[in-house]
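Working notes, beginning with the structure itself.
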Amino acid sequence: MLAHYFLPLSLLSLSLTSVQGSPAQAPSPFRLKIRTRSPPIDRRVADGTQTQDDIPTFNDTYAVKEVYAMVVKYIQAYRIINDFNVTTDPDPGADYPQFDLNSVDTQDLSPLQAQDAAPVHTFVPPVGHGAAMVPYTDYISGPMDVLYYGPLALGTPEQSLNFQVDTGSADLWVASNCQNCVNNGFKGRRSSTFKSSTARCALAYGAGNAWGTVSHDTVSIGSLTVQKQAFCAVYKVSSDFNDQPISGLLGLAFRTIATIQQPTFFENLLAQKKLAKSMFSMHMARGQPDGSEVCFGCYDATKATGPVSWHSLISRTYWSLSMDGISAAESRNVPTNLTAAIDSGASLIHMPRRVVDAFYALIPGSYRTDRYGAGFYAYPCNATLKLELSFEGRRYSIHPADFNLGKMDTDTTMCIGTVVEINSDLGDNLAIIGDTFLKSWYSVFDYSGRVGLAPSINNS
Ligand SMILES: *[C@@H]1O[C@H](CO)[C@@H](O)[C@H](O)[C@H]1NC(C)=O
Ligand SMILES: *[C@@H]1O[C@H](CO)[C@@H](O)[C@H](O)[C@H]1NC(C)=O
Ligand SMILES: *[C@@H]1O[C@H](CO)[C@@H](O)[C@H](O)[C@H]1NC(C)=O
Ligand SMILES: *[C@@H]1O[C@H](CO)[C@@H](O)[C@H](O)[C@H]1NC(C)=O
């Protein structure tokens with residue numbers, strides 16, 4: 001698998017370490033690149049109802065990169081999940097009243113009933129008053145929704161750049177005076193509020209690395225502003241950072257896992273009482289560049305078709321939920337006992353091998369394949385499936401189009417599934433739940449300590 005040895009920084013896998021030392025000078029300018037948008041894709045539904053000629057061929061480029069990238073991104077997960085040496089944090093949303101979709105009964109509806117229900121919410125987000133509804137762009141490669149990015153403004157005056165949104169990490173970083181970055185970066189010297197420090201931040205991703213300096217500046221999204229936000233200003237990256245349209249990454253997990261050991265942008269908004277609600281909500285579009293959205297401090301009822309179901313966090317580290325099952329059909333279920341990190345920075349669903357083996361065993365004719373390196377499984381393209389994940393006994397279905405990554409090119413009857421095996425270095429109780437899942441469920445990340453899931457308009 002030499003071809004996939006280098007990982008893109010954006011699929012990252014941030015493993016930042018904060019190191020004391022003097023900042024190195026890295027003055028080279030980077031090239032400006034005008035971003036072009038690809039046209040909307042006619043995403044065919046690979047659910048067994050189409051002819052197999054319609055199913056696109058699996059392109060392993062990004063899927064394989066992600067499998068490798070997760071090893072680095074979650075290398076600390078065992079320690080964190082088991083609470084070794086994790087600094088406990090006060091509840092960053094403590095002073096906010098718990099969000100309540102009033103008059104909506106979320107208890108008595110199963111996900112299926114919820115999907116059938118008509119839209120019931122009339123909540124209007126107070127945009128401009130403690131909230132920002134921010135359009136995001138889906139970066140697409142073939143049939144895969146690779147990553148989602150949106151704007152963030154840094155500095156005084158503001159420099160607006162594109163950042164991947166990532167609930168699976170808790171550091172903010174941006175290319176800055178970057179020697180070898182193609183995409184536009186942040187120019188600290190043009191900002192009157194920019195402050196550098198002597199603390200280094202080192203980002204390790206697979207075989208490559210990125211190097212930066214812990215810095216501070218004003219950061220905003222819409223009307224929401226934090227002064228003196230800490231971030232890693234990256235001045236050098238190795239290898240192929242440059243194949244995606246982002247200048248950095250916005251980590252939206254908890255500071256307990258931030259490697260620069262500073263509050264996240266969202267936690268600073270909370271602490272400074274800038275928000276109407278102590279939460280953000282995500283809509284990930286399927287197969288179209290436009291239409292995704294992150295609602296900071298708000299819930300956008302137009303993105304959901306039913307009530308929210310809530311699940312308590314296991315800890316304020318990752319957005320971690322207790323996952324007790326995965327099924328391929330109503331009666332075919334694998335019980336699990338996993339800590340599931342809800343990760344908008346991942347595309348696929350990653351689980352330990354014993355679980356993934358047991359899951360594909362529920363699909364007759366499927367097998368593990370080493371053709372793309374470790375981690376992938378093939379299954380008959382015409383299999384009738386109803387993929388569901390279960391959190392605290394409640395089942396959440398995933399749209400069939402999102403399960404199928406495409407057919408194997410030499411075998412037109414076998415397809416590759418989006419449920420992949422996690423590297424055994426990451427322990428045997430971690431699951432990483434990526435956009436494959438979030439495309440079916442509008443998700444609410446509530447700092448009172450829970451995640452809410454409502455059926456997405458994508459599936460209506
Ligand atoms: C916790 O931190 C201490 C001191 O840095 C270290 O000696 C110990 O190995 C760490 N424990 C774990 C489980 O990482
Ligand atoms: C697979 O996707 C990558 C990244 O988008 C692209 O560069 C490559 O040409 C694709 N390969 C095929 C065979 O389509
Ligand atoms: C799940 O795992 C946790 C810790 O790993 C353990 O305490 C608990 O008993 C397990 N539950 C089941 C149902 O196996
Ligand atoms: C799927 O296709 C295979 C052969 O192409 C056939 O034997 C099998 O019955 C089909 N299964 C379903 C569920 O249609």
Side-chain angles (χ1 to χ4, degrees), residues 1-13 33 35-69 137-149 162 164 182-183 205-206 208 239-246 286-289 327-332 345-348 359-367 369 371-373 375-387 400-418 420 434-436:
M1 295 315 302
L2 289 175
H4 305 298
Y5 199 46
F6 293 98
L7 302 174
L9 200 55
S10 51
L11 279 176
L12 240 189
S13 336
K33 187 178 167 194
R35 183 163 51 80
T36 53
R37 283 193 166 170
S38 47
I41 289 177
D42 173 21
R43 175 70 56 88
R44 298 190 201 240
V45 178
D47 63 355
T49 59
Q50 62 191 159
T51 72
Q52 295 188 8
D53 291 342
D54 291 340
I55 302 174
T57 302
F58 177 52
N59 179 334
D60 68 354
T61 304
Y62 287 111
V64 168
K65 279 177 177 171
E66 174 165 313
V67 167
Y68 279 72
T137 304
D138 180 359
Y139 177 70
I140 299 163
S141 170
M144 193 164 162
D145 301 293
V146 176
L147 62 87
Y148 296 82
Y149 64 90
N162 285 324
Q164 183 180 2
V182 165
N183 294 319
Y205 51 105
S239 186
D240 59 355
F241 176 17
N242 292 315
D243 60 352
Q244 284 146 28
I246 59 160
R286 175 187 296 127
Q288 57 178 53
S327 49
E330 292 291 354
S331 58
R332 288 178 282 159
S347 293
L348 313 176
F359 167 70
Y360 281 101
L362 301 175
I363 308 170
S366 56
Y367 58 86
T369 172
R371 234 173 90 191
Y372 315 101
F376 293 90
Y377 288 69
Y379 72 100
C381 302
N382 65 354
T384 310
L385 287 175
K386 182 153 169 264
L387 176 64
D402 297 323
F403 180 64
N404 194 335
L405 293 178
K407 63 187 175 191
M408 296 173 86
D409 52 3
T410 57
D411 182 345
T412 56
T413 66
M414 296 301 285
C415 287
I416 300 297
T418 191
V420 299
D435 303 323
T436 289

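All ligand and atom numbering here is 1-based and tracks the order in the structure. Note that the numbering runs from 1 along the sequence shown for the chain. Quick caveat: nothing in here was measured; it's all calculated off a predicted structure.
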Using 30° and 60° as the class boundaries, would you call the ring planes of Tyr360 and Tyr379 parallel, tilted or perpendicular?
tilted

Which residue, Thr61, Val420, Val64, forms the side-chain contact (heavy atoms from CB on, under 4.5 Å) with Tyr372?
Val64

Scan the protein's non-hydrogen atoms and note whether one is under 4.0 Å from atom 10 (C) of ligand 2.
yes

Taking only heavy atoms of Ser141, which atoms of ligand 2 are found under 4.0 Å from at least one of them?
2 (O), 4 (C), 5 (O)

Please name the residue in the list Asp138, Asp402, Asp145 that meets the side chain to side chain donor-acceptor pair (under 3.5 Å) test with Arg286.
Asp402

Within a distance under 4.0 Å of any heavy atom of Tyr62, pick out the atoms of ligand 2 and give their elements.
4 (C), 5 (O)

Just jot down the ligand 4 atoms closer than 4.0 angstrom to any heavy atom of Asn382, in number order.
1 (C), 2 (O), 3 (C), 8 (C), 10 (C), 11 (N), 12 (C), 13 (C), 14 (O)

Counting heavy atoms only, which of Ile140, Thr57, Asn59 comes nearest to atom 14 (O) of ligand 2?
Asn59

Any chance you could measure Ile140, atom CD1, to Tyr148, atom OH, to the nearest 0.5 Å?
7.5 Å

Classify the angle between the aromatic ring planes of Phe376 and Phe58 as parallel (below 30°), tilted (30 to 60°) or perpendicular (above 60°).
tilted

Does atom 7 (O) of ligand 2 have any protein heavy atom closer than 4.0 Å?
no

